[in-house]
Structures are given as structure tokens and as C-alpha cells.
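Structure first, then comments.
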Amino acid sequence: MKLATWNVNSLKVRLPQVIDWLGSNQPDMLCLQETKLINDNFPERELAAIGYQSFFAGQRTYNGVAILSKHQGSEVVTGIPDFADEQKRVIAATYGDLRVVSVYVPNGEDVTSEKFTYKLRWLPALTKWLQQELKQYPKLALLGDFNIAPEDRDVYDPKAWEGKVLCSQPERNAFNGLIELGLSDSFRLFEQPEKSYTWWDYRMMAFRLNRGLRIDHILLSRELASSCISCTIDKTMRKQERPSDHAPVMVELGT
DNA sequence: ATGGTAGAGGATCTA
């Protein structure tokens, strides 16, 4: 079983790359963020044509999340229950006994911003909901763009980013709140290359210089973490023409 | 310290 996540930064622009990547990698599920599409415009038929069922929650211009799967899903939830939020950032679905949650955590813009306050309200709401979900679904995978680099080794220049949005202590504390639910950062279950990142700014040749951050994650509940075989970042798509600024991340789970 | 790029939408906002 392979689970993946990818912030595509517009599914309209990236659909050919998504179809190409699904064909090459054959994940069972792919979680998407920043689809930037209203539901009426979601390319459901194109994805069904290559064997993927879609669940999606979109809006105009910004945000938007989805789960694509080779398997029949059910129990779809969009948004964090009991948390008023017009922004489409969460979708969850069940596949057999596997609960899959795709999240696009608010960016926060800057630690002095109103958007940062929203980010720090949003994360505990997510955490509280997932605590309930874990009771119902011991096999839970939380995938997405967390907009948080958990540790300094996830940042190309920790000194320059110290205290900045995506790296600040309040954000890292919120990330640890998710870990304390019993979720594991699957990437760190394995030995990994140094300077592994999932996002590089489009500007200043950041990708070529590997000036990136690891902010896209796959967190696994205990039951799933024990069967996790690998977690990898696929930089190949970031090298293509007109790439997303994020790379896909994928885990493989054993039986 | 500033501004660089990309996407959406058609001027800025978001990242």
C-alpha cells in the first residue's frame, strides 16, 4: 500500500503532471493540496479514466484539498467538525480500515500577521478533532502541507529562519501536539539524506541551490507506523517545466 | 533591507 501527498499549486495547471506521476508511481492514494478549483471544475473524469476515484473540497482561487484513490472510499468529511472555517483545507475518507486525512495547514504569512493567529487557532482544532478520529480509526494517516518545518535540520538555513513563519517555536509546538497524539513523522522513521526538503521558493533559484524546507509530511498512527517500510521525497517533478513549488512525498506500508 | 516568481484573475492577494 502506497500513500502520497503533493501540494500541486493549481490542479488545473498541474493535471498533466499529476496524471503522469500517478502512472509512474501507482500510489493507492494521493492527497492533494492547493487545487485552487471549485468543485464543478474538478477533473473527476480525467482521473477516473486512469483508475482514480476523487473526493474533493475546493473553492475559487485559493486552497482546496482532495484525495485520489484506486480504492472505493466512504465516510467523507470536509473541514474540521465544529470549527467554523470558510477555507477549504481538510478532507478525510475511509478505505477499508484505513482513515486518510488530507490537510493544507494555513501558511501564516508572518508571525506578526493575523493569518498567523488563525494558523495557531487552526492547528489545535485539527489536533482535537484527530484525537477523536484516532479512537474510531486506529489506522490513521495524516498527509499534507503542514507549513511547518519541525526541526532545524528541515531548514536549509536555520539561523536565517529562526523564529520566522514555518519555523517558529509556537508552530513547532503545535506540530508536536500532533505527534503527541501518537502520530509519527514517517520520514524520520528511516535514515534519510541530509538536506532533504519538500518545498523550494520559486524565486532566487532556490531549487537549484537546494534552499528548501521540509514542510510536507506524512504522519502515521502507531498501528500504521509499525508497518511503514519507506518514506521518500520525489524531487523529479520539481525539476520539470512549470513545476509546483512542492515535491510529492510517499510512504509504503507493508501488510 | 529589499525583492525576487508563480497562480488566479484581470488589480492585487496569497504563498
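This is a predicted model, so every value here is computed, not measured. By convention in this document, chain letters (A, B, ...) are assigned in the order of the sequence lines, proteins followed by strands, and residues within each chain are numbered from 1.
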*What salt bridge (Lys or Arg N to Asp or Glu O under 4.0 Å) pairs are there with at least one residue in residues 62-82 of chain A, not counting sequence neighbours?*
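Checked against salt bridge (Lys or Arg N to Asp or Glu O under 4.0 Å) - neighbours excluded - no pair reaches residues 62-82 of chain A.
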*Pairs touching residues 231-241 of chain A that satisfy salt bridge (Lys or Arg N to Asp or Glu O under 4.0 Å), sequence neighbours left out*: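 Applying salt bridge (Lys or Arg N to Asp or Glu O under 4.0 Å) to every pair that reaches into residues 231-241 of chain A, excluding sequence neighbours, yields nothing.
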Using whole Å, report how far [atom1] of [X] lies from [atom2] of [N].
{"X": "A:Gln59", "N": "B:dA8", "atom1": "CD", "atom2": "P", "value": "14 Å"}
{"X": "A:Leu11", "N": "B:dA8", "atom1": "CG", "atom2": "C1'", "value": "14 Å"}
{"X": "A:Met237", "N": "B:dA6", "atom1": "CE", "atom2": "P", "value": "17 Å"}
{"X": "A:Arg242", "N": "B:dT5", "atom1": "CZ", "atom2": "P", "value": "15 Å"}
{"X": "A:Asn7", "N": "B:dA6", "atom1": "CG", "atom2": "P", "value": "16 Å"}
{"X": "A:Lys12", "N": "B:dA6", "atom1": "NZ", "atom2": "P", "value": "18 Å"}
{"X": "A:Asp110", "N": "B:dA1", "atom1": "CG", "atom2": "P", "value": "14 Å"}
{"X": "A:Arg60", "N": "B:dA8", "atom1": "CZ", "atom2": "C1'", "value": "8 Å"}

*Given the P atoms of B:dT2 and B:dA6, what is the spacing between them in whole Å?*
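After rounding to an integer number of Å, I get 23 Å for this pair.
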*Which residues, ordered by chain and number, are linked to A:Met205 in its hydrophobic cluster, where ILVMFWY side chains connect at heavy-atom gaps below 4.5 Å, directly or through other members?*
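Other cluster members: A:Leu209.
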Taking only N/O atoms, report every protein-nucleotides 12-15 of chain B pair under 3.5 Å with atom names and distance.
unit_1, atom_1, unit_2, atom_2, d
B:dC13, O2, A:Tyr62, OH, 3.3
B:dT14, OP2, A:Lys115, NZ, 3.3
B:dA15, O3', A:Asn107, ND2, 3.4

_Those residues that, when tested against A:Leu120, pass side-chain contact (heavy atoms from CB on, under 4.5 Å) (two or more places apart)_ =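 Expected list: A:Phe116, A:Pro170, A:Glu171.
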*List for me each residue that meets salt bridge (Lys or Arg N to Asp or Glu O under 4.0 Å) alongside A:Glu252, sequence neighbours excluded, and say none if there are none.*
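Scan of A:Glu252 (salt bridge (Lys or Arg N to Asp or Glu O under 4.0 Å), adjacent residues dropped) gives none.
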*asked:* Quick check for you: to the nearest 0.5 Å, what is the distance between A:Tyr104 atom OH and A:Asp216 atom CG?
replied: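 Result: 10.0 Å between the selected atoms.
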